[in-house]
Amino acid sequence: MGIRTKVDEVKYALFNLSVFSLPMSVSKIDSTALKYLSAYSDQVKSQVKLMLEQDKLSQFLLTKYPTTHAITNDKKLREFVMDLKNNYLKKSSPISKIIYDPKIHVVNNALGLHTFVSRVQGNKLKSKNEIRISEMFRRCPEAFLQMITVHELTHVKEKNHDKAFYKLCEHMLPDYHQLEFDMRLYLTQVEFRGEIY
């Protein structure tokens with residue numbers, strides 16, 4: 001099964017639930033405004049739009065993810081990321097900095113950043129990896145923080161978003177695609193209706 005097929009399955013798995021079997025109505029929110037869901041089908045966007053209009057998206061998310069994580073500072077975040085790295089990427093390059101970054105704006109489609117910097121020191125080439133996660137994820141379900149962490153850790157080994165990248169993401173987090181979709185629902189909720197945690 002290819003990556004595209006797996007992603008497509010996740011896109012529609014959520015929407016077979018009875019919570020989505022609501023009558024379609026005239027929209028008040030333009031589907032093109034759902035920027036976090038731009039890669040999904042019109043059917044998916046219409047269902048999310050209806051849930052927003054009926055103020056049911058927050059209820060759905062809170063039922064599925066009722067609590068937030070306790071990883072609220074950079075030290076705890078470093079421990080969290082390093083635990084995942086040591087479990088799955090022991091032989092990969094070290095990570096020099098892991099922080100929550102208030103400068104990362106989710107609006108610009110960045111949830112976190114992995115940076116790789118090479119510097120010449122004498123006759124040696126030194127490189128360092130950094131992982132920065134948007135400040136807004138200080139308070140969210142742990143599953144979302146884990147998904148973002150897995151994504152950024154995967155960039156330590158795989159630079160491009162290709163088949164090998166998503167295969168490694170799924171190796172570290174088997175429900176990676178579902179969590180990414182749910183996190184995009186959460187970002188949509190925050191944008192249109194506000195925080196729920």
Is the shortest heavy-atom distance from the side chain of His155 to the side chain of Phe165 under 4.5 Å?
yes
Donor-acceptor under 3.5 Å (Asp101 side chain, Lys103 main chain)
yes
Please find out if less than 6.0 Å separates the ring center of Phe144 from that of His69.
no
Take atom CZ of Arg193 as the centre, draw a 6.0 Å sphere, and report whether it contains more than 12 heavy atoms from other residues, nucleotides or ligands.
yes
If you measure from the Lys or Arg side-chain nitrogens to the Asp or Glu carboxylate oxygens, is any gap between Glu191 and Lys35 under 4.0 Å?
yes
Test your reading of the model: is there a side-chain donor-acceptor pair from Arg138 to the backbone of Thr72, 3.5 Å cut-off?
yes
Evaluate the side-chain proximity of Leu185 to Tyr36: yes if any heavy-atom separation is below 4.5 Å, no if none is.
no
Would a line drawn from the ring center of Tyr65 to the ring center of Tyr186 be shorter than 6.0 Å?
no
Tell me, do Ile99 and Ile133 make a side-chain contact under 4.5 Å, heavy atoms counted?
no
Residues Glu180 and Arg184 bridged, charged N to O under 4.0 Å
yes
Give a yes or no on this: more than 12 heavy atoms of other residues, nucleotides or ligands lie within 6.0 Å of atom CD of Glu79.
yes
Using atom types as modelled and distance alone, determine if a side-chain donor or acceptor of Ser134 lies under 3.5 Å from a backbone N or O of Phe137.
no
Just so I know, are the side chains of Arg132 and Tyr100 near enough to count as touching, which here means a heavy-atom distance under 4.5 Å?
no
